[in-house]
J.: 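Please see the structure below; I have some questions.
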Amino acid sequence: MAGHGADEHPHGADRLCETGDRVYSRAVRRGRVPRRDAEPVPCLLELALLHPDPDDMDWLVPTSPQEVMTRLLRGMHDEVSASQRRVGSAVAAVEWYAGLGRQVRPAASGAEGPAIRVLDGLARIQAAMDEATQACTTEVLTVQPGGIRREAELSEGLHRALALRGRGVRMRDLYTHVARHGQGLLTYLELMGDAVEARTLDEVIDRLILFDRTVAFIPANSDRTMALELRHPALIEYLVTVFERLWRLAIPLTAPLPDTGIEGISHREQSIAALLAEGHQDAVIAERLGISVRTCRAHIARLSETLGAASRTQLGVRIAQAGLDGPQHSTTPLNVPGQESPSVR
């Protein structure tokens with residue numbers, strides 16, 4: 001709505017504007033409000049008083065008044081020496097939230113906050129990640145898809161990684177095999193030293209970050225401008241199990257990739273052959289392996305040449321004959337017309 005931009009709401013959670021007060025109170029009483037009701041008051045989303053409902057993004061659910069009180073009191077403690085007037089304002093706001101909180105039952109999840117929280121916007125995601133980093137004391141597990149990591153991506157989380165290393169936190173990272181070719185990743189791992197252990201797979205699941213096996217972050221949309229913060233014990237346990245099974249299958253970054261046993265066919269081309277055999281299109285294969293479609297097609301062309309295939313249909317037959325359509329290739333040498341049989345090692 002025109003005339004209600006964020007610039008017209010220069011306030012904090014301790015002194016809500018009249019419209020924000022009304023919308024938040026309604027959300028607390030009813031449990032949620034339509035997203036359109038909050039359009040005139042972007043302050044409620046910016047202050048994390050409202051956040052998207054994980055079950056229906058067209059609705060917004062309120063942060064519990066108890067959680068808001070805790071946040072306000074923490075801020076009050078930090079600022080007490082700078083402004084006595086600010087302290088009085090925050091105390092008054094806490095009393096208001098306390099009164100409002102008595103109208104609803106406390107959340108079952110207690111002091112740890114909701115089991116699933118939607119983080120809308122990069123600023124909210126970064127703030128939640130920073131908070132989880134500060135609280136982490138033991139271990140961080142991450143899955144990083146997408147092939148070669150851009151230096152900007154690595155730099156964005158470097159301050160958190162360095163803070164964790166300084167506290168002796170152990171980090172384990174899973175990447176695709178393609179990431180081995182990125183100098184940025186190698187520089188990052190050299191900087192982190194023994195604090196980080198990295199392994200790679202042909203393909204991995206979507207991005208996942210787990211702190212101390214108590215809180216996890218996963219993308220909530222395709223462009224990763226929204227994320228889910230997960231604290232439900234059953235969900236966390238499931239994600240840890242997924243990570244550990246992938247970790248056991250992965251190859252340490254310090255170890256070479258296994259030989260395919262067929263001359264002229266690389267490990268990546270073996271992976272592409274298996275996905276082609278499953279019927280996937282070039283774009284899907286490229287996305288799963290973390291490479292460009294152009295690179296994927298170049299590998300397919302080399303596969304066709306090596307296996308002596310003149311068409312995609314014939315390539316499929318050759319892939320099956322060579323045993324490249326599954327985890328293990330055949331031990332029977334493939335006779336390629338006009339070429340010597342590739343040796344199997």
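Note that these values count all heavy atoms, side chains included, but never hydrogens, waters or copies made by symmetry.
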J.: Within the structure provided, determine whether Val33 and Tyr24 are in side-chain contact (heavy-atom separation under 4.5 Å).
T.: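 No; the side chains remain at least 4.5 Å from each other.
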
J.: If every non-hydrogen atom of Arg32 is compared with every non-hydrogen atom of Asp53, which pair is closest and at what distance?
T.: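 Nearest heavy atoms, Arg32 then Asp53: NH1-OD2, 3.3 Å.
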
J.: Tell me, which pairs form a salt bridge (Lys or Arg N to Asp or Glu O under 4.0 Å) where one or both residues lie in residues 211-222, sequence neighbours left out?
T.: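 For residues 211-222, and leaving out neighbouring residues, the salt bridge (Lys or Arg N to Asp or Glu O under 4.0 Å) pairs sorted by first residue read Glu139-Arg213, Arg213-Glu244.
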
J.: Would a distance-only check, ignoring hydrogens and angles, find a side-chain to backbone donor-acceptor pair under 3.5 Å from Thr176 to Pro145?
T.: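 Not a single qualifying donor-acceptor pair exists.
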
J.: Do the side chains of Leu119 and Leu228 get nearer than 4.5 Å, heavy atoms only?
T.: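 They are not in contact (no side-chain heavy atoms under 4.5 Å apart), so the answer is no.
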
J.: How far does CZ of Arg302 sit from NE2 of His299, to the nearest 0.5 angstrom?
T.: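 It is 5.0 Å, given to the nearest 0.5 Å.
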
J.: Between Phe211 and Ala132, what is the shortest heavy-atom contact and its length?
T.: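 Nearest heavy atoms, Phe211 then Ala132: CD1-CB, 3.7 Å.
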
J.: Would you please name every residue forming a side chain to side chain contact (heavy atoms under 4.5 Å, CB included) with Ala234, sequence neighbours left out?
T.: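 Residues passing side chain to side chain contact (heavy atoms under 4.5 Å, CB included) with Ala234: His232.
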
J.: Of all residues at least two apart in sequence or in a different chain, which pass the side chain to side chain contact (heavy atoms under 4.5 Å, CB included) check with Ser311?
T.: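 By the side chain to side chain contact (heavy atoms under 4.5 Å, CB included) rule, Ser311 matches Thr313, Gln314.
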
J.: Would you check if Cys17 and Val41 make a side-chain contact, meaning some heavy-atom pair closer than 4.5 Å?
T.: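 SC-SC contact between Cys17 and Val41 confirmed.
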
J.: Applying side chain to side chain donor-acceptor pair (under 3.5 Å), name anything that partners His51, two or more places apart in sequence or on another chain.
T.: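 Result, side chain to side chain donor-acceptor pair (under 3.5 Å) vs His51: none returned.
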
J.: Out of curiosity, Leu208 CG to Phe243 CZ, how far, rounded to the nearest 0.5 Å?
T.: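 Answer for the CG-CZ pair, Leu208 versus Phe243, is 8.0 Å.
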
J.: Locate the shortest heavy-atom distance separating Ala38 from Leu50; write the atom from each residue and the value.
T.: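 Where Ala38 meets Leu50 most closely, the heavy atoms are CB-CD1, 4.1 Å.
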
J.: Run the salt bridge (charged side-chain N to carboxylate O under 4.0 Å, His left out) test against Arg35 and tell me which residues pass, sequence neighbours left out.
T.: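 Testing Arg35 for salt bridge (charged side-chain N to carboxylate O under 4.0 Å, His left out), a comparison that skips the adjacent residues, returns Asp120.
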
J.: What residues form a side chain to side chain donor-acceptor pair (under 3.5 Å) with Thr295, not counting sequence neighbours?
T.: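 Here the qualifying residues are Ser292.
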
J.: Taking it one step at a time, do Val242 and Ile205 satisfy side-chain contact (heavy atoms from CB on, under 4.5 Å)?
T.: CA-CA 9 Å; Val242 170; Ile205 59 174; 3.9 Å; yes

J.: Do side-chain atoms of Arg199 reach the backbone of Trp247 as a donor and acceptor pair under 3.5 angstrom?
T.: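 Yes; at least one donor-acceptor contact below 3.5 Å.
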
J.: Rounded to the nearest 0.5 Å, what's the gap from CG on Asp223 to CG on Leu122? Could you check?
T.: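 Rounded to the nearest 0.5 Å, the CG-CG separation comes to 8.5 Å.
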
J.: Listed by chain and number, what are the side chain to side chain contact (heavy atoms under 4.5 Å, CB included) partners of Asp202, not counting sequence neighbours?
T.: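 Residues passing side chain to side chain contact (heavy atoms under 4.5 Å, CB included) with Asp202: His177, His267, Ser271, Leu289.
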
J.: Please list, chain by chain and in numerical order, all residues satisfying side chain to side chain donor-acceptor pair (under 3.5 Å) with Arg180, sequence neighbours excluded.
T.: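 Per chain and number, Arg180 pairs via side chain to side chain donor-acceptor pair (under 3.5 Å) with Thr200.
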
J.: Please walk me through it: do Leu239 and Leu210 pass side-chain contact (heavy atoms from CB on, under 4.5 Å)?
T.: CA-CA 8 Å; Leu239 292 173; Leu210 276 158; 4.3 Å; yes

J.: Can you name the closest pair of heavy atoms from Gly31 and Pro62 and give their distance?
T.: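 Looking at all heavy atoms of both residues, the shortest contact is O-CD, 3.2 Å.
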
J.: Determine the minimum heavy-atom distance between Arg224 and Asn221, stating which atoms define it.
T.: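 So the two residues come closest at N-OD1, 3.0 Å.
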
J.: Going by heavy atoms in the side chains, are Met192 and Leu162 under 4.5 Å from each other?
T.: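 Of all side-chain heavy-atom pairs linking Leu162 with Met192, at least one is under 4.5 Å.
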
J.: Have a look at Val196 and tell me which of Leu164, Leu189, Val169 forms a side chain to side chain contact (heavy atoms under 4.5 Å, CB included) with it.
T.: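 For Val196, the side chain to side chain contact (heavy atoms under 4.5 Å, CB included) test succeeds with only one of Leu164, Leu189, Val169, which is Leu189.
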
J.: Which distance, rounded to the nearest 0.5 Å, do you find between the CD of Gln144 and the CG of Leu185?
T.: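 Answer for the CD-CG pair, Gln144 versus Leu185, is 9.5 Å.
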
J.: So, for Glu229 and Ala128, which heavy atoms are closest and what is the spacing to 0.1 Å?
T.: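 For Glu229 versus Ala128, the nearest heavy atoms are OE1-CB, 3.5 Å.
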
J.: I would like to know whether Ile236 and Thr214 meet side-chain contact (heavy atoms from CB on, under 4.5 Å); could you show each step before the answer?
T.: CA-CA 6 Å; Ile236 297 297; Thr214 58; 5.8 Å; no

J.: Kindly indicate whether the side chain of Leu16, heavy atoms from C-beta on, has any atom under 4.5 Å from the side chain of Leu44.
T.: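 Touching, per the 4.5 Å side-chain cut-off.
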
J.: What's the spacing between Cys136 SG and Met129 CE if we round to 0.5 Å?
T.: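 Answer for the SG-CE pair, Cys136 versus Met129, is 11.0 Å.
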
J.: With heavy-atom distances below 4.5 Å as the criterion, would you say the side chains of Leu257 and Ile251 are in contact?
T.: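 Yes, close enough: below the 4.5 Å cut-off.
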
J.: Under 3.5 Å, side-chain donor or acceptor atoms of residues 275-283 against the rest of the protein: list the pairs with distances, not counting sequence neighbours.
T.:
| residue | atom | partner | partner atom | Å |
| --- | --- | --- | --- | --- |
| Glu278 | OE1 | His280 | NE2 | 3.0 |
| His280 | NE2 | Arg288 | NH1 | 3.1 |
| Asp282 | OD1 | Arg312 | NH1 | 3.3 |
| Asp282 | OD1 | Arg312 | NH2 | 3.4 |
| Asp282 | OD2 | Arg297 | NE | 3.0 |
| Asp282 | OD2 | Arg312 | NH2 | 3.0 |

J.: Does the side-chain contact (heavy atoms from CB on, under 4.5 Å) test come out yes or no for Tyr238 and Leu235, once each step is laid out?
T.: CA-CA 5 Å; Tyr238 177 82; Leu235 287 174; 5.7 Å; no

J.: Under 4.5 Å between any side-chain heavy atoms of Leu191 and Tyr188, yes or no?
T.: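 No, too far: nothing below the 4.5 Å cut-off.
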
J.: Taking only residues two or more places apart in sequence, or in another chain, which ones meet Glu287 in a side chain to side chain contact (heavy atoms under 4.5 Å, CB included)?
T.: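 With neighbours one apart ignored, the set is empty.
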
J.: Would you call Met226 and Ile125 a side-chain contact if the rule is heavy atoms closer than 4.5 Å?
T.: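 No, every pair of side-chain atoms sits at 4.5 Å or beyond.
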
J.: Are Asp37 and Arg26 within salt-bridge range, i.e. N to O under 4.0 Å?
T.: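 Yes.
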
J.: Same cluster for Val143 and Val240 if Ile/Leu/Val/Met/Phe/Trp/Tyr side chains link at under 4.5 Å?
T.: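 In one cluster: yes.
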
J.: Name all pairs fulfilling the salt bridge (Lys or Arg N to Asp or Glu O under 4.0 Å) condition that reach into residues 122-131, sequence neighbours left out, sorted by first residue then second.
T.: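 Non-adjacent pairs meeting salt bridge (Lys or Arg N to Asp or Glu O under 4.0 Å): Asp130-Arg160.
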
J.: Mind checking what makes side chain to side chain donor-acceptor pair (under 3.5 Å) contact with Thr142, not counting sequence neighbours?
T.: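 Checked Thr142 against side chain to side chain donor-acceptor pair (under 3.5 Å); matches are Asp173.
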
J.: As an exercise, state the distance from CG of Leu141 to CG of Leu246, rounded to the nearest 0.5 Å.
T.: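 It is 11.5 Å, given to the nearest 0.5 Å.
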
